[in-house]
Amino acid sequence: WWVAHPLVAGVAGAIVAGKAGRSAPAQPPPCRSVEVIQLLRMTLAADTGVVPALDQVADVVAAPVDVLLRGIAGRLRSGAGIAEAFADTALFEVGAVLEITERWGVAATAPLALLIDTLRAHERGVAEAAAERVQLALVFPTTLLTLPAFVLAVVPPLVWTAFAG
């Protein structure tokens with residue numbers, strides 16, 4: 001038991017140090033859907049059409065999002081409706097918003113801003129739930145490692161004082 005804790009810590013430290021030394025190939029960070037929608041919203045605010053806006057956003061985002069946006073723009077160019085072009089993609093909610101705004105003849109910037117706020121709130125909720133799960137998962141290891149330290153720090157002086165007096 002006395003040897004196991006330092007041995008486990010040493011092995012874990014060696015594994016972490018070994019993995020930290022490796023460098024991954026440099027790639028641009030992937031865009032999340034909220035960021036893509038925000039870019040699309042800003043482009044549409046400049047009074048561009050949906051297809052040119054998709055092409056402009058595709059020029060500045062990393063793969064695979066740029067391929068997705070170019071595919072949607074291609075479907076729109078070939079005569080598909082907005083909802084049909086965005087169907088079965090990660091941006092289907094954007095397609096629903098754009099279809100409604102086109103049908104009613106309204107600017108899409110405000111509804112897209114509302115969609116962005118909703119998605120951010122959802123992501124925040126998911127992150128908070130994950131943080132709560134991590135906190136709960138760390139209770140047992142923390143207790144397991146704190147109890148032996150407490151016993152080693154408190155019990156020997158008490159025993160020493162009891163037998164010394």
Side-chain angles (χ1 to χ4, degrees), residues 1-45 53-54 56-72 83 85-101 108-165:
W1 177 257
W2 296 100
V3 175
H5 282 291
L7 183 62
V8 169
V11 169
I15 290 171
V16 169
K19 289 189 183 254
R22 296 182 198 153
S23 62
Q27 295 178 354
C31 285
R32 299 178 332 193
S33 61
V34 173
E35 294 165 345
V36 172
I37 298 169
Q38 181 68 27
L39 288 170
L40 187 60
R41 179 182 165 268
M42 290 187 308
T43 309
L44 288 171
L54 288 169
Q56 288 176 1
V57 173
D59 289 340
V60 297
V61 296
V65 180
D66 62 340
V67 175
L68 172 70
L69 293 174
R70 291 185 201 287
I72 294 170
F86 279 88
D88 299 329
T89 66
L91 300 172
F92 68 92
E93 296 153 331
V94 176
V97 169
L98 291 175
E99 181 186 24
I100 291 170
T101 56
T109 54
L112 285 175
L114 182 62
L115 177 63
I116 290 167
D117 292 341
T118 304
L119 290 175
R120 282 188 180 143
H122 175 72
E123 286 180 358
R124 190 176 306 114
V126 168
E128 287 173 0
E132 289 174 5
R133 285 192 304 273
V134 168
Q135 182 181 5
L136 183 63
L138 290 177
V139 167
F140 180 71
T142 303
T143 305
L144 184 67
L145 296 175
T146 304
L147 185 60
F150 176 75
V151 169
L152 289 175
V154 173
V155 173
L158 289 176
V159 171
W160 181 262
T161 306
F163 287 124

In short, salt bridge (Lys or Arg N to Asp or Glu O under 4.0 Å) pairs touching residues 56-66 with sequence neighbours left out are D59-R70
By side-chain contact (heavy atoms from CB on, under 4.5 Å), I37 pairs with (sequence neighbours left out) L91, V94, L112, L115, I116, L119
Residues passing the side-chain contact (heavy atoms from CB on, under 4.5 Å) test with V134, sequence neighbours excluded, are L138
Sorted by chain and residue number, the side-chain contact (heavy atoms from CB on, under 4.5 Å) partners of V126 (sequence neighbours excluded) come out as H122
Check your understanding: Would a 4.5 Å heavy-atom cut-off, applied to side chains only, mark V97 and F86 as touching?
Key -> no
Taking every heavy atom of A108 against every heavy atom of L98, the minimum-distance pair comes out as CB-CD2, 3.7 Å
Here the gap from L54 atom CG to L68 atom CG, rounded to the nearest 0.5 Å, amounts to 9.0 Å
Note: T101 and P111 closest approach over all heavy atoms is CG2-CG, 3.7 Å
Residues 109-128 vs salt bridge (Lys or Arg N to Asp or Glu O under 4.0 Å), sequence neighbours excluded, gives R32-E123
Close side-chain approach of Q38 to E35, heavy-atom, < 4.5 Å
no
Closest non-hydrogen contact found for V36 with V61 is CG2-CG1, 4.4 Å
